[in-house]
There are 2 protein chains.
Amino acid sequence: MGEIQNRTEMILDKLKEKGHRITPQRLVILRTLVESQNHPSVEDIFAKVRVHFPTTSLATVYKTISVIKELGEVLELEFSGHNRYDGHKPYPHPHLLCVKCKKIVDPELSSLAPLTQELVSDTGYRILSHRLDFYGICPKCQN
Amino acid sequence: MGEIQNRTEMILDKLKEKGHRITPQRLVILRTLVESQNHPSVEDIFAKVRVHFPTTSLATVYKTISVIKELGEVLELEFSGHNRYDGHKPYPHPHLLCVKCKKIVDPELSSLAPLTQELVSDTGYRILSHRLDFYGICPKCQN
DNA sequence: CTGTTTGCAAATTTTTTGCAACCTA
DNA sequence: TAGGTTGCAAAAAATTTGCAAACAG
């Protein structure tokens, strides 16, 4: 149990190892990233930190995300004017986005392995990572 | 033959139909989008138009892309600070990017249909589009 | 002619950077 | 105490918008 706590501790250790310091703001930002299931935006994270530390600046949020990104512990989903972050599963995986309510979920796709296999066989590429985003309308928003 | 010309004509007709006007700048922007195999950025397109019309502004490029996007004749690939455009195949399709030589190819993936099917069955979403980018190293760059 | 488009500049939006004061280790 | 971090403001970078002059139909 405490998988999220363990992951948080692990990242904190990594931070210390690299000579980074653990500030109260960073702790909240890190926890928000690790606990969030819904791929928060910078503004989302900013809002959450502000609850506990009202003087926190956006710059600090950006800087902290940047540090955690260097550790490979958060996945950045690039969108033109609104990046989202996944600190829960910081490795490439498929996303399913509802274009109406903007929710993002992680579907389980057993067919992904065969697809990647086909890609490798057909092209001879060595695959390093991927970005698989599906856009649609979730069951709730279909009404 | 003349597939690209045909597509260009078709889009021009669509533009006229909707009450848009065909200006020389728009013609060059449109041709660049339709002919490009390399998913050009706004700056790429801007540079090409400038060759023929040195007074063209970036705003015009953005506005024209926006209009063509409304017609559904260009695909926008969102990156945080550098969108790319595909006016050659303006519908969602997988991309395979070599991280070394930056080449982009369009792989044929017969496994994509079953994967989408699995997604629909599992989640109940109505899928509207997708973005599938694979990052890897092409055969040539593996040496 | 009429109304759309252009091109310039200013405004927006997201993210980055510089730096003095501050705080963690 | 030393040096990384914060928070403010200014700077970048990409895109959008307002508007008068230009131009397509």
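Predicted model, so just to flag it, every value in this text is computed and none were measured. Computed over heavy atoms, backbone and side chain alike; hydrogens, waters and symmetry mates excluded. Chain naming here is simple, since letters A, B, ... match the order of the sequence lines and numbering starts at 1 in each.
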Going by heavy atoms closer than 4.0 Å, what residues in [range] are next to DNA chain C?
range: residues 10-21 of chain A; result: A:Arg21
range: residues 58-74 of chain A; result: A:Ala59, A:Tyr62, A:Lys63
range: residues 31-55 of chain B; result: B:Thr55

Let me check something: any side-chain donor-acceptor pairs from residues 10-20 of chain B under 3.5 Å, sequence neighbours excluded? List them with distances.
from, atom 1, to, atom 2, distance (Å)
B:Lys14, NZ, B:Leu71, O, 3.1
B:Lys14, NZ, B:Glu73, OE2, 2.8

- Item | Rounded (10°) bend between the five-pair end axes of the helix from C:dC1-D:dG25 to C:dA25-D:dT1 | 40°
- Item | Check: A:Ile137 and A:Val99 side chains under 4.5 Å, non-hydrogen atoms | yes
- Heavy-atom check, side chain of A:Thr23 versus side chain of A:Phe53, under 4.5 Å: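 Sidechains of A:Phe53 and A:Thr23: no contact.
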- Rounding to a whole Å, what distance do you find between B:Tyr85:OH and D:dA14:P? 12 Å
- Query: Rounded to the Å, how far apart are A:Leu27 CG and D:dT5 P?
  - Reply: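 The distance from CG of A:Leu27 to P of D:dT5 comes to 14 Å, rounded to the nearest Å.
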- Item | Start and end of chain A contact along DNA chain C [non-hydrogen atoms, under 4.0 Å] | C:dT14 to C:dA25
- Query: Is the backbone N or O of B:His88 less than 3.5 Å from a side-chain atom of B:Asp86, with the two atoms forming a donor-acceptor pair by type?
  - Reply: yes
Donor-acceptor pairs are to be reported for all side-chain atoms of residues 59-67 of chain A against protein atoms at under 3.5 Å, with residues two or more places apart or in another chain.
from, atom 1, to, atom 2, distance (Å)
A:Thr60, OG1, A:Ser57, OG, 3.3
A:Thr64, OG1, A:Thr60, O, 3.0

- Message: Both A:Ile29 and B:Pro24 contact DNA chain D. Which one's nearest nucleotide lies toward the 5' end?
- Response: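 Final value for this comparison: A:Ile29.
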- Should we say atom NZ of B:Lys140 is surrounded by more than 12 heavy atoms from elsewhere, each under 6.0 Å from it? no
- Message: Is it the case that atom CD in A:Gln142 sees more than 12 heavy atoms from other parts of the structure closer than 6.0 Å?
- Response: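 Atom CD in A:Gln142 is packed in, count exceeds 12.
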- Message: Through direct or indirect side-chain contacts below 4.5 angstrom among Ile, Leu, Val, Met, Phe, Trp and Tyr, which residues connect to B:Leu96?
- Response: A:Leu96, A:Val105, A:Leu109, A:Leu112, A:Leu115, A:Leu119, A:Val120, A:Tyr125, A:Ile127, A:Leu132, A:Phe134, B:Val105, B:Leu109, B:Leu112, B:Leu115, B:Leu119, B:Val120, B:Tyr125, B:Ile127, B:Leu132, B:Phe134
- Message: With side chain to side chain donor-acceptor pair (under 3.5 Å) as the criterion, how do A:Thr56 and A:Gln25 come out once you've worked through the C-alpha distance, each side chain's angles and the decisive distance to 0.1 Å?
- Response: CA-CA 7 Å; A:Thr56 305; A:Gln25 295 94 327; 4.9 Å; no
- Any B:Asn83 side-chain N or O less than 4.0 Å from OP1/OP2 of D:dA14: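 Answer no for this pair, as no side-chain N or O of B:Asn83 is under 4.0 Å from OP1 or OP2.
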- Reckon A:Gln25 has a side-chain N or O less than 4.0 Å from the OP1 or OP2 of D:dG7?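 For A:Gln25, the contact criterion (side-chain N or O under 4.0 Å from OP1 or OP2 of D:dG7) is met.
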- How many angstroms lie between atom NZ of A:Lys48 and atom OG of A:Ser36, to the nearest 0.5 angstrom? 5.0 Å
- Message: Rounded at 0.5 Å granularity, tell me how far CZ in A:Arg50 sits from CD in A:Glu43.
- Response: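 It is 10.0 Å, given to the nearest 0.5 Å.
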- Task: State which residues pass side-chain contact (heavy atoms from CB on, under 4.5 Å) with B:Asp106; sequence neighbours excluded, sorted by chain then number.
- Result: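 Testing B:Asp106 for side-chain contact (heavy atoms from CB on, under 4.5 Å), a comparison that skips the adjacent residues, returns B:His39, B:Lys89, B:His93, B:His95.
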- Message: For A:Glu76, give me all partners under side-chain contact (heavy atoms from CB on, under 4.5 Å), at least two apart in sequence or on another chain.
- Response: A:Lys69, A:Glu78, A:Asn83, A:Tyr85
Let me have the donor-acceptor pairs involving side chains of residues 26-34 of chain B, under 3.5 Å, with sequence neighbours excluded, atom names and distances please.
from, atom 1, to, atom 2, distance (Å)
B:Arg26, NH1, B:Arg21, O, 3.0
B:Thr32, OG1, B:Val28, O, 2.8

- Task: Name all residues meeting the salt bridge (charged side-chain N to carboxylate O under 4.0 Å, His left out) criterion together with A:Asp133; count only those two or more places apart in sequence or in a different chain, and write none if there are none.
- Result: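 Listed in chain order: A:Arg131.
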